[in-house]
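Chain A is the first sequence line, chain B the second, and so forth, proteins listed ahead of strands; every chain is numbered from 1.
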There are 2 protein chains.
Amino acid sequence: MRKKRINDPQGMRRRVLDVAEDCFQARGYHASSLGDLMAAAGVTGGALHHHFPTKKALALAVIEERVAAAVEETWIEPVRAAPSARNGVRAVFEAVAAALEQQGYVRGCPLNNLAHELSLADPDFRIALADIFAGWRRAISDKVRADQEAGLEGGTDPDRFAALTVAAYSGAMSMAKAEQDAGVLRQCLEGLERVEPPPSQNGSPARRRRRVVRQQAIR
Amino acid sequence: MRKKRINDPQGMRRRVLDVAEDCFQARGYHASSLGDLMAAAGVTGGALHHHFPTKKALALAVIEERVAAAVEETWIEPVRAAPSARNGVRAVFEAVAAALEQQGYVRGCPLNNLAHELSLADPDFRIALADIFAGWRRAISDKVRADQEAGLEGGTDPDRFAALTVAAYSGAMSMAKAEQDAGVLRQCLEGLERVEPPPSQNGSPARRRRRVVRQQAIR
DNA sequence: GACAAAACAGGACAACCGGTCTGTTTATAA
DNA sequence: TTATAAACAGACCGGTTGTCCTGTTTTGTC
């Protein structure tokens with residue numbers, strides 16, 4: 001009588017990754033048991049094992065697919081789309097701070113959460129996480145370089161600016177998580193914006209600003 | 001025949017804390033079993049349980065005694081003893097970077113390592129960790145205020161500077177841990193030093209520098 | 001429809017975890 | 001000495017963990 005089942009491998013895999021991402025983020029890798037995940041996802045052990053042979057494989061998939069995507073979505077894309085690197089950084093900080101204040105609690109940065117717990121646990125984890133950090137920094141430094149070519153940014157070292165930005169954000173999120181208060185994020189942003197302030201804004205050596213803006217609008 | 005034993009409660013407690021601190025730092029809280037700790041410390045279950053009734057109690061002791069002491073030793077004291085806040089910050093960054101490069105690997109910041117794993121795990125953990133963050137920031141902002149009263153520092157907001165410094169360090173250590181390379185620490189320090197650079201150094205708006213230096217030398 | 005492979009179900013299991021418990025030894029104080 | 005508590009030893013237990021294994025069902029292909 002009851003004999004209906006639909007094989008939905010992609011959907012099953014997605015559901016598992018969904019709850020794994022959420023659970024790893026909220027409780028951490030070691031504190032999340034596969035039993036918890038199975039229950040939360042409504043998935044049997046056989047199905048889980050079929051898609052992810054080991055817990056490590058599952059975590060690696062979460063890192064490479066979900067965490068990387070989260071960084072891409074909340075940081076890399078907004079920065080790329082912003083009129084300038086500094087502008088993009090400010091926008092991301094404020095957007096994240098606003099979102100945290102609205103949801104009322106702070107779970108921390110997905111990348112940093114897993115990075116701290118897993119970087120030393122396994123070389124594969126470490127490399128995957130380091131790659132995401134590298135891509136994150138790269139997106140910012142590339143944007144700074146583009147700004148410089150467009151005359152929007154002064155002689156700021158792009159890699160240095162990117163490293164400090166990512167570090168300030170990561171560290172601010174760490175504190176915000178411990179204090180359960182996103183205020184420190186805004187505080188760090190304000191400090192960050194005072195690093196080698198660019199010639200624009202109210203310009204002593206402000207030149208070619210108009211033309212640059214047009215260029216950007218054209219692209 | 002063999003009937004010698006010396007009760008050394010303080011020594012026993014210290015040994016347990018030693019290995020717990022080390023193990024929590026290297027593998028994390030959840031990844032460290034009490035069996036591992038007992039074996040590493042050469043302590044029986046009875047003794048461990050006598051001094052630390054639960055694993056949580058042990059972790060709390062590690063946080064409140066060891067982690068707090070580590071922050072005090074590597075950050076708060078050096079900053080207090082430094083000629084200025086900026087000088088102290090630079091000294092700590094460089095000392096840590098040098099130490100990491102010498103030991104060849106990066107285990108990360110003790111406070112941040114535990115903060116990421118335990119902040120959401122238990123309110124007691126979170127509060128203890130947040131307190132350490134607060135003390136850390138406080139030491140820096142107090143130093144900045146002292147610098148300002150001494151005329152050594154400009155109008156930099158002390159709390160903002162402290163937050164950014166702690167965030168930059170924490171985030172840089174996070175990246176250094178993932179990349180197993182302390183270089184990003186130096187990079188972030190260089191960026192940090194370009195935040196609202198004080199009137200001293202080589203002064204366009206450098207005033208009262210001479211007098212200020214003397215004041216500081218007197219104290 | 002035959003057949004192989006993928007997708008899924010669900011139980012089994014050994015290892016391990018944290019905590020408890022009882023008992024013994026050592027220090028302390030009267 | 002004797003009582004009393006602290007310090008320690010070590011076995012024990014219920015529950016959980018991650019993984020594996022054997023089946024069963026679905027899907028795709030010829």
Handout entry: Side chains of A:Arg160 and A:Leu164 in contact at under 4.5 Å (non-hydrogen atoms)
Key = no
Practice task
Would you kindly give the CE-to-C1' distance between B:Met38 and C:dC17, to the nearest whole Å?
Solution key: 11 Å
Problem - A:Arg15 CZ - C:dA7 P separation (whole Å) - result: 14 Å
Handout entry: Minimum-distance nucleotide to A:Ala47 side chain [options: C:dA9, D:dA7, D:dC8]
Key = C:dA9
Practice task
Ignoring the backbone of A:His50, work out which of C:dT26, C:dC8, D:dG18 is nearest its side chain.
Solution key: C:dC8
Handout entry: Aromatic plane relationship, B:Trp75 with B:Trp136 - under 30° parallel, 30 to 60° tilted, over 60° perpendicular
Key = tilted
Problem - For atom CG of A:Asp8 and atom P of D:dT26, their distance in whole Å - result: 14 Å
Problem - Contact check, side chains of B:Val89 and B:Phe161, non-hydrogen atoms, under 4.5 Å - result: yes
Exercise for the section: Can you tell me the distance, in whole Å, between the CG atom of B:Leu37 and the P atom of C:dC16? Expected result: 15 Å
Handout entry: Geometric cation-pi criterion, B:Lys55 with B:Tyr29: 6.0 Å, 45°
Key = yes
Practice task
Measure from CD on B:Gln10 to C1' on C:dA27 and round the result to the nearest Å.
Solution key: 13 Å
Handout entry: Whole-Å gap separating C1' (C:dA9) and CG (A:Leu48)
Key = 13 Å
Handout entry: Proximal nucleotide (of C:dC8, D:dA9, C:dG19) relative to the B:Leu34 side chain
Key = C:dG19
Handout entry: Shortest side-chain distance from B:Ser33, nucleotide among D:dG18, D:dC8, C:dG18
Key = C:dG18
Practice task
Nearest whole angstrom, please: distance from the P of D:dC8 to the CZ of B:Arg14.
Solution key: 13 Å
Completion exercise
Of B:Asp36 and B:Gly46, the one whose closest nucleotide on DNA chain C sits nearer the 5' end is B:Asp36
Practice task
Hey, could you give me the NE2/NE2 distance between A:His30 and B:His30, rounded to the nearest 0.5 Å?
Solution key: 9.5 Å
Exercise for the section: Would you mind telling me which residue lines up with the more 5' stretch of DNA chain C, B:Asn7 or B:Ser32, judged by nearest nucleotide? Expected result: B:Ser32
Practice task
Establish whether the base of D:dT26 is bridged to the side chain of A:Arg5 by a donor-acceptor pair shorter than 3.5 Å.
Solution key: no
Exercise for the section: Measure from NE2 on B:His49 to C1' on C:dG23 and round the result to the nearest Å. Expected result: 15 Å
